[in-house]
Amino acid sequence: MERRPLGNTGLQVSALGFGAGPVGDAALTEDAAAALLHGVLDAGINLIDTAPSYGASEERIGRHLQGRRGEFVLSTKCGYGVPGVEDWTGPCITQGIELALRRLRTDVIDVMHFHSCPIDVLERPGVVDALTRAGEQGKIRVAAYSGDNHALAHALNMGRFGSVQVSVNLFDQRALDWGVAMARERGVGVIAKRPLGNAPWRFSERPGAQDVALYWNRMRQMALDPHGLDWSELALRFATFMPGVATCIVGTTRLENLQRNVQALERGPLAPEHVSHIRDAFRRNDHGWDGQI
Ligand SMILES: NC(=O)c1ccc[n+]([C@@H]2O[C@H](COP(=O)([O-])OP(=O)(O)OC[C@H]3O[C@@H](n4cnc5c(N)ncnc54)[C@H](OP(=O)(O)O)[C@@H]3O)[C@@H](O)[C@H]2O)c1
């Protein structure tokens, strides 16, 4: 699996990362979660992304991968969910990092993101400082921001984050023209979230989940020609080889899908004319198509 620098952070990440949202699903048994997490590392993937809001995801990563901690770059998020402490305050960041270290059974978190906060939070006294301080204390390696649109631009302009996590996929391309390009210029790492656009091609009718439904609508309007490729392969090869993108974190509960994704990436970037066709289709249809948080 190809490894790439995560901006100027000094970390090297696999081109395919793992979005561990589904690992927290209560419907997934403990044995299945363990098999999935070990399967991720065995497949050569070295970036695992989680969050406190992903059910049991952090606890399960700590429980099952504690013995393999040296094999992967661990990315998580903070800003909320500390009992008795107001969300998005300095103490919430500081204590949230301590809780995450315990749940993840590690003494350092490689990439700690603010989990999609708005601009006023970024400007609130003491909040970004608390993340910076955790870096100085060696509790996190990289202070990062996860989010989209104006808030992402603001975070990048602050110059205080070493990496960002942003939606990049066939149906969510706006950030490619500015956010990803801006990050690249400044040596800020880019982790592409929702790289399959939540795989809307799986649904013949408009799905109920609001985020999947939004991409499902865009997919119909763009009417892309996959040129004979499987949709997941098309989506993954599009997002992963965009200039500036270090890694794409695909969420899955199925090892067979993980393997298919690894194999798809081995086939390299899409043909340049196919990429242009996909970029044009987005621009033609983009009427307020903001990045999905
Ligand atoms: N920071 C944030 O606010 C934020 C927001 C969204 C996502 N994220 C991160 O990004 C990760 C990925 O995002 P996501 O899970 O929303 O979207 P995604 O990766 O674009 O799509 C995930 C969906 O694709 C399916 N899938 C995966 N491989 C497939 C394949 N080869 N063929 C067909 N379907 C396939 C999975 O279903 P199966 O389980 O059936 O494979 C899953 O339902 C998350 O886990 C999380 O780490 C972060």
Side-chain angles (χ1 to χ4, degrees), residues 13 16-25 27-28 32-33 35-37 39-40 43 45 47-58 60-61 72-80 111-118 144-149 151-152 155 161 163-173 175 179 190-203 207-216 218-219 226 229-240 245 247-267 291-293:
V13 291
L16 179 64
F18 181 63
V23 171
D25 189 342
L28 198 69
L36 184 60
L37 288 167
V40 164
I45 292 170
L47 175 83
I48 299 183
D49 177 70
T50 181
S53 59
Y54 300 165
S57 180
E58 287 190 326
R60 284 176 159 177
I61 292 167
F72 64 100
V73 171
L74 176 56
S75 158
T76 189
K77 312 191 185 81
C78 65
Y80 53 88
V111 188
M112 176 54 96
H113 295 87
F114 278 169
H115 201 168
S116 314
C117 63
Y145 178 77
S146 174
D148 303 80
N149 309 315
L152 172 66
F161 299 101
S163 187
V164 292
Q165 188 172 135
V166 51
S167 293
V168 174
N169 62 60
L170 296 171
F171 321 113
D172 205 333
Q173 299 184 26
V190 174
I191 297 175
K193 62 182 163 85
R194 303 184 188 269
L196 299 186
N198 302 108
W201 48 86
R202 293 175 295 172
F203 306 97
Q210 191 252 329
D211 53 351
V212 192
L214 184 134
Y215 286 147
W216 188 88
R218 291 185 185 181
M219 181 178 174
L229 293 178
D230 173 78
W231 279 102
S232 54
E233 174 167 345
L234 179 80
L236 202 52
R237 290 172 64 192
F238 173 77
T240 312
V245 168
T247 182
C248 278
I249 44 173
V250 179
T252 183
T253 47
R254 296 172 211 261
L255 277 172
E256 61 272 25
N257 277 351
L258 189 95
Q259 290 299 345
R260 287 172 61 211
N261 296 338
V262 170
Q263 286 157 13
L265 284 193
E266 281 166 3
R267 291 189 273 278
Q292 177 150 225
I293 294 168

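For ligands, and for the atoms within them, numbers begin at 1 and follow the listed sequence. Note that these values count all heavy atoms, side chains included, but never hydrogens, waters or copies made by symmetry. In this chain, residues are counted from 1 in sequence order. Just so it is clear, the structure is predicted and the values come from calculations on it, not from any experiment.
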Notebook entry, point to check: Taking atom 6 (C) of ligand 1 as the point of reference, which of Q292, K77, R194 owns the nearest heavy atom?
Noted result: R194
Note to self: Given L28, I249, N257, I293, identify the one with the heavy atom nearest to atom 35 (C) of ligand 1.
What the structure shows: N257
Notebook entry, point to check: Is it the side chain, the backbone, both or neither of A20 that has a heavy atom closer than 4.0 Å to ligand 1?
Noted result: backbone
Margin query: Test your reading of the model: is there a side-chain donor-acceptor pair from D172 to the backbone of Q292, 3.5 Å cut-off?
Written below: yes
Margin query: Could you identify the single nearest non-hydrogen protein atom to atom 28 (N) of ligand 1 and state the distance to 0.1 Å?
Written below: N261 ND2, 3.1 Å
Item checked: Nearest-0.5 Å distance, CZ of residue F72 to CG of residue L37 -> 8.0 Å
Check: Which residue owns the protein heavy atom closest to atom 3 (O) of ligand 1, what's the atom, and how far is it?
Finding: H115 NE2, 3.2 Å
Notebook entry, point to check: Which protein heavy atom lies closest to atom 14 (P) of ligand 1, and at what distance to 0.1 Å?
Noted result: N198 ND2, 3.4 Å
Checklist line | Matching residue for V73 among I48, I191, V111 - test: side chain to side chain contact (heavy atoms under 4.5 Å, CB included) | finding: V111
Item checked: W231 heavy atom under 4.0 Å from ligand 1 -> no
Note to self: Tell me if the CD atom of Q210 is crowded by more than 12 foreign heavy atoms within 6.0 Å.
What the structure shows: no
Notebook entry, point to check: With only distance considered, is Q165 within less than 3.5 Å of ligand 1 through an N or O on each side?
Noted result: yes
Notebook entry, point to check: Does CZ in R254 sit with more than 12 non-hydrogen atoms of other residues, nucleotides or ligands closer than 6.0 Å?
Noted result: no
Check: When you look at D49 and K193, which way does the salt bridge (charged side-chain N to carboxylate O under 4.0 Å, His left out) test go after all the steps?
Finding: CA-CA 10 Å; D49 177 70; K193 62 182 163 85; over 6 Å; no
Notebook entry, point to check: Out of G251, A209, A199, who gets a non-hydrogen atom closest to atom 36 (C) of ligand 1?
Noted result: G251
Item checked: ligand 1 contact on L258 by region, counting heavy-atom pairs under 4.0 Å -> neither
Next item on the list: Could you find the nearest protein heavy atom to atom 46 (C) of ligand 1 and give me its residue, atom name and distance?
Entry: Y54 OH, 3.3 Å
Note to self: Out of R202, K193, R254, who is nearest to atom 37 (O) of ligand 1 when you count heavy atoms only?
What the structure shows: R202
Margin query: Using a plain distance cutoff, I'd like to know if G19 has any nitrogen or oxygen under 3.5 Å from a nitrogen or oxygen of ligand 1.
Written below: yes
Next item on the list: Starting from atom 1 (N) of ligand 1, locate the nearest protein heavy atom and write down its residue, its atom name and how far away it is, to 0.1 Å.
Entry: S146 OG, 2.7 Å
